[in-house]
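The next block holds one structure in the form of structure tokens; read it before the comments.
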Amino acid sequence: MNKKFITRFAPSPTGLLHIGNIRTALINYLLALKEDGKFILRIDDTDKERSKDEFINQIKQDLEWLEIYFQEIFKQSERLARYNENFEKLKEKGLIYPCFEDPEELERKRKRLIERRKPPVYDRAALNLSQIEIAKLIDKGKKPYWRFKLSSKRVIFNDLVRGEVRVETSAQSDPVIKREDGGYLYNLPSVVDDIDMGITHVVRGEDHVTNSAIQVEMFQALDKPVPIFAHHPLLVNENGEPFSKRNAASSVKSLREKYLNPIAINSLNISIGTSIDLRPIYSMKEMAENFDIGALGRAPARYSEKQLLKLNSMIVSSLSFLQLSDDFKELGYDINEDIWECIKNNIETLTEVKEWLKIIKGPIKNDNKLDSEFMRIVEKLLPEEPWDETTWEKWISKIKERTKKIGKDLFLPLRRAITGKSNGPELNKLIILIGYKEIRNRLKNN
Ligand code: GLU
């Protein structure tokens, strides 16, 4: 293993992973795989109220299903001692200070600055409190929360996606790192973990660029090397909106429940905003070899459900009945190999198989708009059993001879009468699966 290449994915277990989250996971995993490095799953569960075990389990299941394998896992909630130690170090250096303003007071200050057209940056009033003033406030029962003192200088780092990034920390409020109740907020634990786990590459969404600048100052204040950063554009939906944990419809769990193939999801995710073609890539190794983080575009990465379904149908139609038998069992489908071979090119997801099973087994609703005279004729010309692959041809030539209809005028009403739909699998195969008796009924009823 290459210890010089360690990445991590750090979700908060406060909701379900969505397609955008797993794009971050996939990129981190592929980078580690490509370099024979290590990929770590970090659970950001410092928010006790909102973090739930059920979400941790779901995250693990989702990643496993997607074949994104982590070599190590840990939870932030188990590492408080390390955060406290580093908190004390920063405090000794005078880089952390107690604050006492309540949210209303902070909001008043913010509004005043905005009214005066000034950036709403915290004024560091608490930094000017004397030891005596602080002791008095604590005596009065006030509990402090803590901020990290930024340098007010410009932070510069080289981002593998964005190139040179400059952030003026003077335009940022000193971040709160510890709450009144002693709980830590995101930045310090993240830095301490990245140090302790030897993370070499921090790869996350571009919504973290400012945090990264804050974190650079924390690494430096703790006398530790700064990791390499890469901030990828966030995935947006078809309307250009970001994905949300609160929207269950775009969760990985729901994609799985729709029986979408994980290869389709990964292949789509890695093609968006990169030079990798949109095609099913069956091996993670191949995907990793083709992936180059430096070639990632900076434009918003746009997800398309249509493309996902297209990839999925390509993958699913290439699978044999045997390869899918477990899925079919799980879905409770009464299906055999002939049916699968007949319908496999006409579905986008496995859940659509159900519809074709219904059509094959019947009964179906009749299409009242069909020409009943034509139906009467075709029904009369329907060949007697036994049927085989040549039956359809024989039937069609008799119909052509009798009615002189060709092309769409001939095939469309037949298809609609037999299946209730305007398109679908080849009829020569389908009619055998439906069978003489049922076809006859359908023709009669139309
Ligand atoms: N829990 C953070 C998030 O999900 C982690 C960000 C990071 O990778 O450091 O946004």
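Start at 1 and go down the list; that is how both ligands and their atoms are numbered.
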Number the atoms of ligand 1 from 1 as they appear, then name those within less than 4.0 Å of a heavy atom of S12, with their elements. 1 (N)
I'd like to check which ligand 1 atoms, numbered from 1 as shown, lie under 4.0 Å from a non-hydrogen atom of D44. 1 (N), 2 (C), 5 (C)
Hey, are D194 and R42 close enough for a salt bridge, meaning a charged N less than 4.0 Å from a carboxylate O? yes
As a quick check of understanding, evaluate ring-ring contact (aromatic ring centres under 6.0 Å, His included) for H18 and Y303, giving each step before the final call. CA-CA 12 Å; H18 55 63; Y303 163 83; over 10 Å; no
Residue, atom name and distance, where the atom is the protein heavy atom closest to atom 8 (O) of ligand 1: R8 NH1, 2.7 Å
Please work out whether any backbone atom (N, CA, C, O) or any side-chain heavy atom from C-beta onward of F9 is under 4.0 Å from ligand 1, and answer side chain, backbone, both or neither. neither
Quick one: do the S254 and E257 side chains pair a donor with an acceptor below 3.5 Å? no
Do Y29 and F39 pass the ring-ring contact (aromatic ring centres under 6.0 Å, His included) test, and can you show the C-alpha distance, the side-chain angles, and the key distance before you say yes or no? CA-CA 6 Å; Y29 173 64; F39 172 63; 5.7 Å; yes
Among side-chain atoms of Y184 and N84, is any donor-acceptor pair under 3.5 angstrom? yes
Using a strict 4.0 Å cut-off to heavy atoms of R42, name the atoms of ligand 1 that fall inside it. 9 (O)
What do we get for Q76 next to ligand 1 when only non-hydrogen atoms under 4.0 Å count, side chain, backbone, both or neither? neither
Any Lys/Arg nitrogen of R166 or E164 sitting under 4.0 Å from an Asp/Glu carboxylate oxygen of the other? yes
Write out the residue and atom name of the closest protein heavy atom to atom 5 (C) of ligand 1, then the distance separating them to 0.1 Å. A10 O, 3.2 Å
What I want to find out is whether K136 reaches E133 closely enough, with some N-O distance under 4.0 Å, to be called a salt bridge. no
Protein residue, atom and distance nearest to atom 10 (O) of ligand 1, heavy-atom basis: H208 NE2, 2.7 Å
Show the atoms of ligand 1 that are less than 4.0 angstrom away from any heavy atom in S190. 9 (O)
